[in-house]
Amino acid sequence: MSPRWYADLHLHSRFSRATSRDCDLPHLWLSARQKGLALLGTGDFTHPAWRAELAAQLEPAEEGLYRLRPALAAGLRGRVPRACAAEEREPRFLLSAEIATIYKQAERTRKVHHVVLAPGLEAAERLSARLGRVGNLCADGRPILGLGSRDLLELVLESGPGCCLIPAHVWTPWFSALGSRSGFDSVDACYADLAGELFAVETGLSSDPPMNWRVSGLDRFRLISSSDAHSPSRLGREAVCLSGERSYPALLAALRTGLGYVGTVEFFPEEGKYHLDGHRKCGARLTPAETRAVGGRCPTCGEAITVGVMHRVEELADRPEGYRPPGAGQVESLVPLEEILGEVLGVGPKSHAVQAALAVLLARLGPELELLARAPLEEVARVAPGPLGEGLARLRRGQVLREAGYDGEYGRIRLFAPGELEPGLRKSQRALFLEEEVEDDEDDKDVKDERDDRDERPRSASQPSPGPLPPDPDQQAAILHSGGPLLVVAGPGSGKTRTLTERLAHLVTARGFAPEACLVLTFTRRAADELRARVCALLPGQGERAQVSTFHALCLALLQRHPGEAERLVGLAPGFALAEEEERVALLREQAGLSETRARRLLGRLSRWAHAPRTDWPAGLEQDERTYRRLLHEAGRVDFEQLVSLAVALLEASPALAAEERVRARALLVDEYQDVDALQARLVELLAPEDGELSLVGDPDQSIYGFRGATAGAFERFAAAHPGARWVRLGRNYRSNQVIADAAGQALARGAGRAGVQALGPGRARVTLHRAPTERAEAEFVVASLEALFGGHSFFSLDSGRGQAGPALEGLAYSDVAVLYRLDALAEPLVEALARSGIPFRRRSHARLADALGGDEFDERADRVHLLTLHAAKGLEFRVVFVVGCEDGLLPLRFGPLGAAELEEERRLFYVGMTRAAERLILCRAERRALRGKPRAMRPSPFLAPIDRALTEASDARLPARRRRDRQLPLL
DNA sequence: CAGCAATGCGTTTTT
DNA sequence: CGCATTGCTG
């Protein structure tokens, strides 16, 4: 039997009334992953703006289905809970909409809602065009048309093969085919001569299949269930369960024939808003019999009672309760996990405590629907010992307490009787999920997580998906700035990328800049990809047109745009091309007769000396360089290192050409400006738009690429040349807790003056300082700490995790942790210890194997502990960061005497490492370490000294006390 | 060819 | 700084 999958075909976008602003494709996609929905309706395809968004953000997948564009999906990867990331369940979308028809028939006003499905964007467009002639489709994503149900069905059927209609939530009183206040006594009466074209009906929240089975007139319809969600978190509260192929034709076939239709996921019908009869204003809830007894009038006020679904089913039923027609689907009755957790924890379903617990459960146990229906209870108990497992057991047995809904009031399903859950039990269950509540919870209220969500929120695999908060005032100032050059100094975790991308979006949407006239410059392709994805998400349909490029790619494109001038003015060979590393080596071997090793060595030396003044070059190097350049030129090649200088030379040689290039980018935004070298700074000056916007973004405190030519003070030099430039400083750190932010600030400023960047967020965990005897002991400490952080084998058990680097963190995924080091060579003992422990890890080595193999995106996002050099960690963030090798000589790295500038760069490197951490920072050192074979005694890094002892705690290795006697040795 | 002095490299990384 | 490689001299 092929595996089952779930589909939610009826939901709404943010273009419908009373829906969440988060009903956009990324949020829906993310929620689908969390719920375990493999197929989602888009909802609202009749709305032109939503259709434009669909066209911009989706791309075709299986027949009739669409997937989120990879650039967008890539940006969301980090927010998918670890156990919800199954590749084969990556959500697909199909075109769906809900249409309301209001019309008079046989003297009665009929209000009927319909779900419409289309086999693709073109068909949706066609149908929308026809419906647009009937009524206004722009006012509401769920349009209201003055059209008979039958006529709507006719329009749908005429819009092309595959277009179909499913009567929506057929029993609800106010808006449905069978509704007591709106509809008919049969589906056939509603759709008249075309009713035969229908093959499925949606049961709605307040009825379930067993109720529907009592009406023989519905036997020929496949029963479907959907969420009708108005916010992403409500997706999948009801759904269709299918098996077999995932495609639009297969879905229709399953609904028509039953082949591949498994059944439905349901609310307990009592939870629906219209299950029983009643009058909400007076709080009167009545069973059908009671309603009949009081003559359909509210006993309190005398107004008409709203007749609910149960009552209506009884009116139309021609079979007793309990009848099950042949071929009926399976029924899984579930309760949203948020509600269950709210009950178990004794707090509201939207509370922080519930969201935290949800994140843990999804990260560990997988998507919600599977988890509720099938997660093994032993595993549930392992993740969350306590009443949750028992609750799920009762849920699966259908042993629930039901308080039925009526007249628009949701019902309530409980798993535990009143008083069954002791407050103490609830508290302990809550403690499982909340990091800091255990020791001091003076009050019983939620621990409020104040961490802001501006942008640089930890990309935890287990984060729920809250929408972003509005920009803070400094971010806002940078986003809105208009006029002269803008310098944005953005500290760690301050929302730099968000500010940059939102500024770009602002320039386009509010200031009228054409997207193609906006240029964003970065250093790495990776950064460019990320920025592009985020710009696309912010500017659906337009972001793709913006130019987001690396310096080198821009320069190459610029040279290639002007081949004539490039030949004439900077002496490039006609039809020049970029030389790859192998080609450069081959050139030197074949043309200059150098050996392979000598050729590589020469290229290495040239690259190393490229940024030093030629007068400092070793003897002979200049001569060698001239020869190499000549050979390169004769071969019609340029190398990467020349690109920027050639582009600068070209722009300087031809002012007209420079002016032409400036027009191409009326808005120029440069990321990581602190890393520009002199040529790149010059390029920026040459390209600075005359009447547009120039924005330079970066952080001088994170300048760590001096060896590559980045010259400290790039911002200052720019400001000196442009006295009118506006400075904006983003100083709030939304990433690190206060302790980490302060400690990092002290390390950077050598303890003087500045109390670090201002940080928000909870933070009681101190920075751990650990001294190990040897590098092997250091590695074992890291592993033992990781085991504690992950809670050992019983993942969240309370009694573990008091050991090494603090207690277990809830919902911690392996990829939330990084181990950082100054030299790649320091990774060896870590690799060995981690491999032994079985903790999955990934070492990013600078060996560019990944690129050679065409990228390893999959590995990149795998849930593994990251091993990285400090340099490679820049721009990333982790909930937990270890920095190993905090020793003099390694931090700062020193071979001989160290210049002041180099010392400062090493200090900034340490600062960069510290500020990668959001929640926990552990600084480790070894007293003896073998470097290049020879063991050496190591002193602590001088960078540790300025950190206030109040912010740190010492943690000595308390690994299984193998060698207690060691402690008697003098500690020095 | 042995022996010694001079030189340069080590470390971070991107295109 | 300290080690390895290179290249020169005897």
Side-chain angles (χ1 to χ4, degrees), chain A residues 521-529 549-559 577-584 595 597-598 600-612 616-621 624 637-647 671-672 675-677 679-680 683 702-710 820-827 844-852 855 867-876 883 885 887-899 901-910 912-913 931-936:
Chain A
L521 281 182
T522 66
F523 283 85
T524 67
R525 278 192 289 214
R526 197 182 193 171
D529 289 344
S549 171
T550 63
F551 276 97
H552 290 85
L554 174 89
C555 289
L556 180 60
L558 193 151
L559 292 166
L578 199 59
E580 300 290 338
E581 184 66 13
E582 291 316 308
E583 200 177 350
R584 303 165 78 205
S595 71
T597 35
R598 281 171 158 255
R600 288 191 191 278
R601 191 182 309 167
L602 175 57
L603 291 173
R605 292 180 78 198
L606 286 175
S607 139
R608 238 182 329 275
W609 286 98
H611 291 288
D616 293 358
W617 281 22
L621 189 59
D624 289 344
R637 294 288 180 269
V638 294
D639 63 19
F640 278 116
E641 279 153 8
Q642 290 177 287
L643 285 173
V644 182
S645 75
L646 286 170
D671 195 16
E672 307 277 22
D675 287 338
V676 293
D677 64 24
L679 277 172
Q680 288 159 334
L683 181 75
Q702 295 183 67
S703 166
I704 55 173
Y705 283 105
F707 69 91
R708 221 166 56 180
L820 309 182
Y821 36 79
R822 179 63 180 86
L823 300 181
D824 203 44
L826 300 197
R844 192 155 114 206
S845 164
H846 55 272
R848 323 268 344 277
L849 198 62
D851 278 355
L867 301 190
L868 298 167
T869 63
L870 288 163
H871 283 90
K874 185 164 161 236
L876 305 177
V883 180
E887 295 142 36
D888 198 11
L890 283 175
L891 275 168
L893 183 66
R894 175 167 40 212
F895 302 109
L898 200 64
E902 291 154 301
L903 177 68
E904 290 315 304
E905 180 152 319
E906 293 286 316
R907 195 189 306 281
R908 291 192 295 269
L909 187 57
F910 185 56
V912 165
L931 286 170
R932 274 191 285 145
K934 291 276 168 266
R936 281 174 48 187

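No experiment lies behind these values; they were computed from the predicted model shown. In what follows, chains are A, B, ... by sequence order, proteins preceding strands, each numbered from 1.
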message: Whether A/R605 contacts B/dC9 is assessed here as follows: a side-chain N or O lying under 4.0 Å from the phosphate OP1 or OP2. Is that the case?
response: yes
Can a side chain N or O of A/T869 be found less than 4.0 Å away from OP1 or OP2 on B/dT11?
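For B/dT11, neither OP1 nor OP2 has a side-chain N or O of A/T869 closer than 4.0 Å.
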task: Would you check if A/F707 stacks with the base of B/dT12, given a 5.5 Å centroid limit and a 30° plane limit, both strict?
output: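 Yes; centroid distance and tilt both under limits.
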Euclidean distance, atom [atom1] of residue [X] to atom [atom2] of [N] [Å, nearest integer]:
X	N	atom1	atom2	value
A/F895	B/dG10	CZ	C1'	4 Å
A/F523	B/dT15	CZ	C1'	11 Å
A/R526	B/dT14	CZ	P	9 Å
A/L521	B/dT15	CG	P	14 Å
A/F551	B/dT14	CZ	P	16 Å
A/R601	B/dG10	CZ	P	10 Å

Measuring from the side chain of A/L893 (C-beta onward, heavy atoms only), which nucleotide among B/dT15, B/dT12, B/dT11 has the closest atom?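 Of the options given, the side chain of A/L893 lies nearest B/dT11.
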Out of B/dT15, B/dC9, B/dT13, minimum distance to the side chain of A/A872 belongs to B/dT13
Open item on the list: On DNA chain B, compare the nucleotides closest to A/E905 and A/F640; which residue's is nearer the 5' end?
Closed with: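 Final value for this comparison: A/E905.
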Discussion item. What's the gap between B/dT11 and C/dT5 when it is taken at their P atoms, as a whole Å value?
Written reply: 14 Å
query: Any side-chain heavy atom of A/T522 sitting closer than 4.5 Å to one from A/E672?
result: no
*A/H871 side chain vs A/I704 backbone, donor-acceptor pair below 3.5 Å*: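 Yes.
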request  = Would you confirm whether A/Q680, through its side chain, and A/D677, through its main-chain N or O, come within 3.5 Å as a donor-acceptor pair?
outcome  =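 Yes; judged by distance alone, with no hydrogens or angles, the pair exists.
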**Request:** Can you label the angle between the A/F523 ring and the A/F551 ring as parallel, tilted or perpendicular, going by 30° and 60°?
**Result:**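 Rings of A/F523 and A/F551: tilted, as their planes differ by 30° to 60°.
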Quiz prompt | Partners meeting side chain to side chain contact (heavy atoms under 4.5 Å, CB included) with A/D624 (sequence neighbours left out) | solution =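 For A/D624 the side chain to side chain contact (heavy atoms under 4.5 Å, CB included) partners, ignoring immediate neighbours, are A/L602.
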Checklist entry - When you list every nucleotide of DNA chain C with an atom under 4.0 Å from a heavy atom of chain A, which one comes first 5' to 3', and which comes last? => result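 Reading along DNA chain C, I get C/dC1 to C/dG7.
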**Prompt:** Are A/E887 and A/R936 close enough for a salt bridge, meaning some N to O gap below 4.0 Å?
**Reply:**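 A/R936 and A/E887: not salt-bridged.
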Heavy-atom nearest pair, A/R637 first then A/A579, reads CB-CB, 3.8 Å
